[in-house]
Enquirer: 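The structure that follows is given in the form of structure tokens.
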Amino acid sequence: LVFGGKVNEEIRVNGNTHRAGLQPGIILPGGTPDTSTKPIYGIWKLKKGWENLPAGTEREYYEYIYNNWPADIGAPYIDINGDGEFTPGIDVPDYIGDMVLFYVANDMDSALSVFTYGMLPMGLEFQTSIFGFDRADDLKNVVFKKYRMINKGVNTIEDMFFGYWNDNDLGYAGDDYSGSDSLLDLSYTYNATNFDVIYGTPPPTVGHKIVQGPIVEGLPTDSAKFKGEWRKGYKNLSSYAFSLFSYPWRDPQQGVPEGSTEFYNYLNGLIWDGSPFIDPIINDTTKFCLAGDPYFQTGWYEGDGWPDGPSPGDRRQVISTGPFNLAPGDTQEVAIAILIAQGNDNIHSVNKLKQLAQTVQDFYDNDFVTSVENIKNIPLHFSLSQNYPNPFNPKTTIEYEVPEKTNVTIKIYDILGREVKTLVDNEEKVRWKYKVEFDASTLSSGVYFYQFKAGSFTQTKKMILLR
């Protein structure tokens, strides 16, 4: 993760790339970092089902982690008694996945911060959870990284961005291509040929996807994910830019103040010197390099989709999200999925990765409860099912499907067209299958109609209430 913004109009960037700008530990009240060498500031690892392991060292390790879970420094937990704080012996660690790692870090070491991109710290604490799932389907090839950032400094950071930087080196680094998909909030690296000296044939494609962007105020009908909940009236920012560092451009300088400005330009979707990227296919400016599709051979992509473009080689890149302001005491979150997919050949692997990216987003939005069978049956179209039972007295169930994030309204009308009930009132829904119950206890027998509206899609069906 790389982060950048303006502190009193001064551009500062820090994070982890080829140099690391963070140190272990929390920031204490008053703004000073705690001693970074305390054992609590190591990496905590917990595996679901540890209690079923045979007696021995491994089980003892996980039992210790479970009983000493560092919730007081931000490790995720389930609040069993609902009192808003971690109660040892009652509340329990939140595994999130089948294995979760947690650590806390801060940017308060000036020497590290200057060494990385030349500027002083911003006063930020990072509570980071990394987790994955032990599954038989393609989601076994995904790792999630969720960062919770708290501004414990005294300055508001303006026009701030999160960026996820990578130097993928997909197998052999010298034959790589890069790409992006702004609709999927995805950056990726794939092989230029159908053979890689490490992976063989066919080589896979690796990607980094923003599954949860920073939260900002939105419309009353919007919803945003934050701290594991959906909050109405807010929205999560999507990807803002995808920048390529490799030839004909270059990496930001490290260890000098100019490096922060150069990296900040990349986070803004500009070349390091502040000039715009030019899409060579449409000859116009863009904030998303290589957003074409090598599988369908459309737009700007490496190889045949970049006339006179660079040869395959080592690629470095960053996908960013923002901007937003972070005042003292404010908290923000961003979550990244690292995913890999393999198709029939190097280009088909790109297409498979994009399919997996959509599945990953659905999985994340639905709080990781998607079963393997549900993933195979994720809705592709809007649809409204016949209510059941029908006829009914006095309750019935209505099912509907949403293939993309949109606002949904379901209303009940009598035979004269008069509205008698609103079941779903312009609520934002993510891609999924839903059901809602209609209780007609206060209505008389007769024919009624239920209407489903989602964006420009409308469908109406008839039902019968029999007393």
Side-chain angles (χ1 to χ4, degrees), residues 1 15-16 20-109 112 121 123-135 140 142-153 212 225-229 329 331-338 364 367-369:
L1 188 74
N16 295 324
L22 303 183
Q23 66 176 351
I26 66 170
I27 299 177
L28 298 169
T32 59
D34 200 2
T35 304
S36 64
T37 55
K38 289 183 177 179
I40 195 173
Y41 299 138
I43 297 175
W44 294 74
K45 181 175 73 173
L46 192 56
K47 181 168 68 174
K48 188 175 291 186
W50 63 267
E51 62 274 17
N52 298 320
L53 292 170
T57 303
E58 184 182 12
R59 190 184 190 283
E60 291 172 0
Y61 166 82
Y62 287 120
E63 185 173 15
Y64 174 85
I65 297 295
Y66 185 89
N67 290 331
N68 293 275
W69 191 240
D72 56 335
I73 60 170
Y77 69 93
I78 299 173
D79 190 6
I80 300 295
N81 59 8
D83 64 355
E85 59 184 38
F86 185 76
T87 307
I90 299 177
D91 297 335
V92 297
D94 187 357
Y95 291 92
I96 311 177
D98 292 302
M99 179 173 282
V100 60
L101 286 77
F102 173 81
Y103 69 85
V104 63
N106 65 80
D107 73 340
M108 292 295 289
D109 187 317
L112 288 177
L124 303 175
E125 179 179 298
F126 295 83
Q127 300 169 359
T128 304
S129 300
I130 305 169
F131 51 95
F133 295 82
D134 182 14
R135 305 171 59 101
K140 68 178 181 291
V142 184
V143 172
F144 294 90
K145 300 176 75 173
K146 187 173 184 179
Y147 302 87
R148 180 171 294 168
M149 175 195 288
I150 308 169
N151 185 351
K152 293 191 173 181
Q212 180 187 332
K225 201 161 195 178
F226 185 68
K227 295 185 176 180
E229 300 176 343
T331 298
Q332 275 288 5
E333 289 182 338
V334 64
I336 307 294
I338 305 172
Y364 188 87
D367 298 322
F368 316 109
V369 297

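Remember, predicted model here, so these are calculated numbers, not experimental data.
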Enquirer: If you take all heavy atoms of Leu112 and Ala20, which pair is closest and at what distance?
Expert: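 Smallest heavy-atom distance, with atoms named: CD2-O, 3.8 Å.
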Enquirer: Identify the two heavy atoms, one from Trp44 and one from Ile65, that lie closest to each other, and give their separation to 0.1 Å.
Expert: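 Looking at all heavy atoms of both residues, the shortest contact is CE3-CD1, 3.5 Å.
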Enquirer: Does Lys145 reach the main-chain N or O of Leu1 with its side chain, forming a donor-acceptor pair under 3.5 Å?
Expert: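 Such a contact is absent between Lys145 side chain and Leu1 backbone.
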Enquirer: Do you know which two heavy atoms are closest between Pro24 and Ser36, and how far apart they sit?
Expert: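 Result for this residue pair: O-CB, 3.3 Å.
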Enquirer: Nearest 0.5 Å, what's the CD1-CD1 distance between Ile338 and Ile130?
Expert: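 Here the interatomic distance stands at 8.0 Å.
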Enquirer: Is there side-chain contact between Tyr61 and Lys45, with heavy atoms separated by less than 4.5 Å?
Expert: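 They are in contact (side-chain heavy atoms under 4.5 Å apart), so the answer is yes.
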Enquirer: Is any side-chain heavy atom of Met99 closer than 4.5 Å to one of Asp134?
Expert: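 Asp134 does not reach Met99 side chain to side chain.
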Enquirer: Might you point out which heavy atoms bring Tyr103 and Ile43 nearest each other, and give the distance in Å?
Expert: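 Looking at all heavy atoms of both residues, the closest pair is CB-CG1, 4.3 Å.
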Enquirer: What is the ring orientation for Phe86 with Tyr77, classed by angle as parallel under 30°, tilted 30 to 60°, or perpendicular over 60°?
Expert: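 Ring orientation, 0 to 90° scale: perpendicular.
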Enquirer: Side chains of Glu51 and Arg59: closer than 4.5 Å at any heavy-atom pair?
Expert: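 Yes, at least one pair of side-chain atoms sits under 4.5 Å.
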Enquirer: Measure the CG-CD1 distance between Asn81 and Ile90 for me, rounded to the nearest 0.5 Å.
Expert: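 Atom-to-atom, Asn81:CG and Ile90:CD1 are 5.0 Å apart.
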Enquirer: Working to the nearest 0.5 Å, report the span between CZ of Phe102 and CG of Leu46.
Expert: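 Result: 13.0 Å between the selected atoms.
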Enquirer: Is the backbone N or O of Gly123 less than 3.5 Å from a side-chain atom of Asp107, with the two atoms forming a donor-acceptor pair by type?
Expert: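 Checking the backbone N and O of Gly123 against the side chain of Asp107, a donor-acceptor pair under 3.5 Å is found.
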Enquirer: Rounded to the nearest 0.5 Å, what separates atom CG in Leu28 from atom CG in Asp34?
Expert: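 With rounding to 0.5 Å, CG (Leu28) is 4.5 Å from CG (Asp34).
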Enquirer: What closest approach, in Å, do Lys152 and Ile27 show between heavy atoms, and which atom pair accounts for it?
Expert: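 That closest heavy-atom pairing would be NZ-O, 3.3 Å.
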Enquirer: Has the side chain of Asp79 got a donor or acceptor atom that lies under 3.5 Å from a matching backbone atom of Gly84?
Expert: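 Here the side-chain-to-backbone pair exists.
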Enquirer: Are Met108 and Thr32 close enough, and set up right, to give a side-chain contact (heavy atoms from CB on, under 4.5 Å), and what steps lead you there?
Expert: CA-CA 8 Å; Met108 292 295 289; Thr32 59; over 6 Å; no
Enquirer: Between Asn106 and Phe126 (side chain of the first, backbone of the second, donor and acceptor by atom type, cut-off under 3.5 Å), is there such a pair?
Expert: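 Answer holds: no.
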Enquirer: For the residue pair Tyr95 and Lys47, establish whether any side-chain heavy-atom pair is separated by less than 4.5 Å.
Expert: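 Answer no - side chains too far apart.
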Enquirer: Which atom names give the shortest non-hydrogen contact between Val92 and Tyr66, and what distance separates them?
Expert: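 Result for this residue pair: CG1-OH, 3.3 Å.
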Enquirer: I need the Phe226 CZ to Gln332 CD distance, nearest 0.5 Å.
Expert: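 One finds 6.0 Å between CZ of Phe226 and CD of Gln332.
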Enquirer: side-chain contact (heavy atoms from CB on, under 4.5 Å) between Glu125 and Ile73: does it pass, once the steps are laid out?
Expert: CA-CA 10 Å; Glu125 179 179 298; Ile73 60 170; over 6 Å; no
Enquirer: How far apart are the C-alpha atoms of Leu124 and Ile150, what are their side-chain angles, what is the distance that settles it, and do they pass the side-chain contact (heavy atoms from CB on, under 4.5 Å) test?
Expert: CA-CA 6 Å; Leu124 303 175; Ile150 308 169; over 6 Å; no
Enquirer: With side chains defined as the heavy atoms from C-beta onward, is the minimum distance between Asp83 and Asp91 less than 4.5 Å?
Expert: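 Heavy-atom side-chain distance check passes, below 4.5 Å.
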Enquirer: So, do Ile40 and Asp72 sit near enough that their side-chain heavy atoms are less than 4.5 Å apart?
Expert: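 Counting from C-beta outward, Ile40 and Asp72 do come under 4.5 Å.
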Enquirer: Once you round to the nearest 0.5 Å, how far does NZ of Lys227 lie from NZ of Lys146?
Expert: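 Interatomic distance, Lys227 NZ to Lys146 NZ, rounded to 0.5 Å: 10.0 Å.
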Enquirer: I would like to know whether Lys140 and Asp98 meet salt bridge (charged side-chain N to carboxylate O under 4.0 Å, His left out); could you show each step before the answer?
Expert: CA-CA 10 Å; Lys140 68 178 181 291; Asp98 292 302; over 6 Å; no
Enquirer: Does some side-chain heavy atom of Val104 sit less than 4.5 Å from a side-chain heavy atom of Thr128?
Expert: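 No, every pair of side-chain atoms sits at 4.5 Å or beyond.
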Enquirer: Within the side chain of Trp69, is there an N or O that forms a donor-acceptor pair under 3.5 Å with the backbone of Pro76?
Expert: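 At least one qualifying donor-acceptor pair exists.
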Enquirer: Could you tell me whether Ile78 atom CD1 has more than 12 heavy atoms of other residues or ligands within 6.0 Å of it?
Expert: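 Result for CD1/Ile78: enclosed.
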Enquirer: Main chain of Ala335, side chain of Gln212: is a donor-acceptor contact present, judged purely on distance under 3.5 Å?
Expert: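 Such a contact is absent between Gln212 side chain and Ala335 backbone.
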